[in-house]
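Both backbone and side-chain heavy atoms feed into the values below; hydrogens, waters and symmetry mates do not. What you are looking at is a predicted structure, and each value in this text was computed from that prediction instead of being measured.
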Amino acid sequence: MIVYHGSYVEIPKPELKYSRETVDFGRGFYTTPIYEQAEKWCVRFKRRGESGIISIYEFDEKAYKDLKVQIFKTYSEEWLEFVLSCRSGKDATDYDIVAGGVANDKVFNTVELYFDQLIDKKEAIKRLSYEKPNLQICFRSEQAIENYLQYKGSKQV
């Protein structure tokens with residue numbers, strides 16, 4: 001499968017040491033099989049006057065069988081709990097790859113409302129879900145990157 005990473009630089013060799021810890025699926029290298037989604041990831045860099053560059057990779061889906069993987073097929077309570085754990089820096093799982101939906105831009109407000117018990121899980125999931133189809137695949141181990149992700153090139157957008 002072809003996957004994309006939107007950034008301001010070309011990334012031929014992803015390195016986990018440059019990733020942030022408190023994001024949707026924790027520390028990792030984030031990709032998507034949806035080109036338009038990677039383009040949107042570039043928008044924040046373009047707003048700062050930087051280039052938008054999409055790096056392109058071939059993802060060997062054999063990883064799904066070979067590695068420790070968590071796939072969230074829908075926005076669910078399990079997905080919400082995992083995202084909240086990762087975003088609060090409390091994720092203690094050892095998944096090599098995590099795949100699932102993207103929490104939308106209102107995540108911080110929604111998480112605060114949920115933590116303050118002003119909304120329930122069902123309402124939090126509804127607020128965090130994108131309306132458009134999306135998918136992020138987070139490579140969280142060096143093994144996953146080295147053995148199952150092959151750089152194919154990049155494109156400036």
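Residues Asp91 and Ser85 meet the side-chain proximity criterion, which asks for heavy atoms closer than 4.5 Å. When side chains are defined from C-beta on, Glu123 does not count as touching Leu113, because their heavy atoms never get closer than 4.5 Å. Residues Phe139 and Phe25 are not in side-chain contact: their nearest non-hydrogen atoms beyond the backbone lie 4.5 Å or more apart. Under the 4.5 Å side-chain criterion, counting only non-hydrogen atoms from C-beta, Thr31 is not in contact with Gln136.
Residues satisfying the ring-ring contact (aromatic ring centres under 6.0 Å, His included) test with Tyr8, not counting sequence neighbours, are Phe45. Scanning for side-chain hydrogen bond (donor to acceptor under 3.5 Å, both in side chains) contacts around Lys65 gives an empty result, with sequence neighbours left out. Taking Glu58 as the reference, nothing meets the side-chain hydrogen bond (donor to acceptor under 3.5 Å, both in side chains) condition, with sequence neighbours excluded.
Glu36 has no carboxylate O lying under 4.0 Å from a charged side-chain N of Lys40, or vice versa, which leaves the two without a salt bridge.
For residues 11-21, every residue pair satisfying the salt bridge (Lys or Arg N to Asp or Glu O under 4.0 Å) rule, not counting sequence neighbours, is listed here: Lys13-Glu146, Glu15-Lys17, Glu21-Arg27.
Atom CH2 of residue Trp79 and atom CD of residue Glu81 lie 11.0 Å apart, to the nearest 0.5 angstrom. To the nearest 0.5 angstrom, Tyr35 atom OH is 12.5 Å from Ile2 atom CD1. Considering CG of Leu80 and NZ of Lys126, their distance stands at 15.0 Å, rounded to 0.5 Å. In this structure, SG on Cys138 lies 9.0 Å from CG on Asp24, to the nearest 0.5 angstrom.
The closest donor-acceptor contact from the side chain of Asp60 to the backbone of Lys62 lies under 3.5 Å. In this structure, the side chain of Thr32 engages the main chain of Leu135 through a donor-acceptor pair within 3.5 Å. Here the side chain of Tyr75 pairs a donor or acceptor atom with the backbone of Val102 at under 3.5 angstrom. In this structure, Asp96 contributes its side chain and Lys68 its backbone to a donor-acceptor pair below 3.5 Å. The backbone N or O of Ile119 lies less than 3.5 Å from no partner atom in the side chain of Arg127, so there is not a single donor-acceptor pair.
Each of Phe59 and Tyr95 belongs to its own hydrophobic cluster when Ile, Leu, Val, Met, Phe, Trp and Tyr are linked at side-chain heavy-atom distances under 4.5 angstrom. Follow the hydrophobic side-chain contacts under 4.5 Å out from Leu67 and you reach Ile71 in the same cluster. Tyr4 and Phe29 fall into different hydrophobic clusters, where Ile, Leu, Val, Met, Phe, Trp and Tyr residues are linked whenever their side-chain heavy atoms come under 4.5 Å apart, directly or through other members. At a threshold of 4.5 Å between side-chain heavy atoms, the hydrophobic network of Ile, Leu, Val, Met, Phe, Trp and Tyr places Val23 and Leu16 in two separate groups. Under a hydrophobic-cluster definition in which Ile, Leu, Val, Met, Phe, Trp and Tyr are linked whenever side-chain heavy atoms come within less than 4.5 Å, directly or via other members, Tyr30 and Val98 are assigned to the same cluster.
Ring centroid separation for the pair His5 and Tyr57 does not come in under the 6.0 Å cut-off.
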Taking distance alone, no hydrogens or angles, what donor-acceptor pairs closer than 3.5 Å link side-chain atoms of residues 147-157 to residues at least two apart or in another chain?
| from | atom 1 | to | atom 2 | distance (Å) |
| --- | --- | --- | --- | --- |
| Asn147 | ND2 | Gln143 | O | 3.4 |
| Tyr148 | OH | Asp66 | OD2 | 2.7 |
| Tyr151 | OH | Glu10 | OE2 | 2.2 |
| Tyr151 | OH | Gly153 | O | 3.4 |
| Ser154 | OG | Glu10 | OE2 | 3.2 |
| Gln156 | NE2 | Ser51 | OG | 3.4 |

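Of all non-hydrogen atoms in Pro33 and Ile137, the two that sit nearest each other are CD-CD1, 4.1 Å. Between Ile125 and Glu77, the closest heavy-atom pair is CD1-N, 3.4 Å. Across all their heavy atoms, Ala103 and Val83 have their closest contact at CB-CG1, 4.5 Å. Summarising the geometry of Ile145 relative to Pro14, their closest heavy-atom pair is CG2-O, 4.0 Å, with the distance given to 0.1 Å. A pairwise comparison of heavy atoms in Ser55 and Ile11 identifies OG-N, 2.9 Å as the closest pair. Contact detail for Cys42 and Gly6: the closest heavy-atom pair is SG-CA, 3.6 Å.
Tyr18 belongs to no hydrophobic cluster, as no Ile, Leu, Val, Met, Phe, Trp or Tyr side chain comes under 4.5 Å of its own.
Aromatic ring orientation, Phe72 versus Phe82: tilted (interplanar angle from 30° to 60°).
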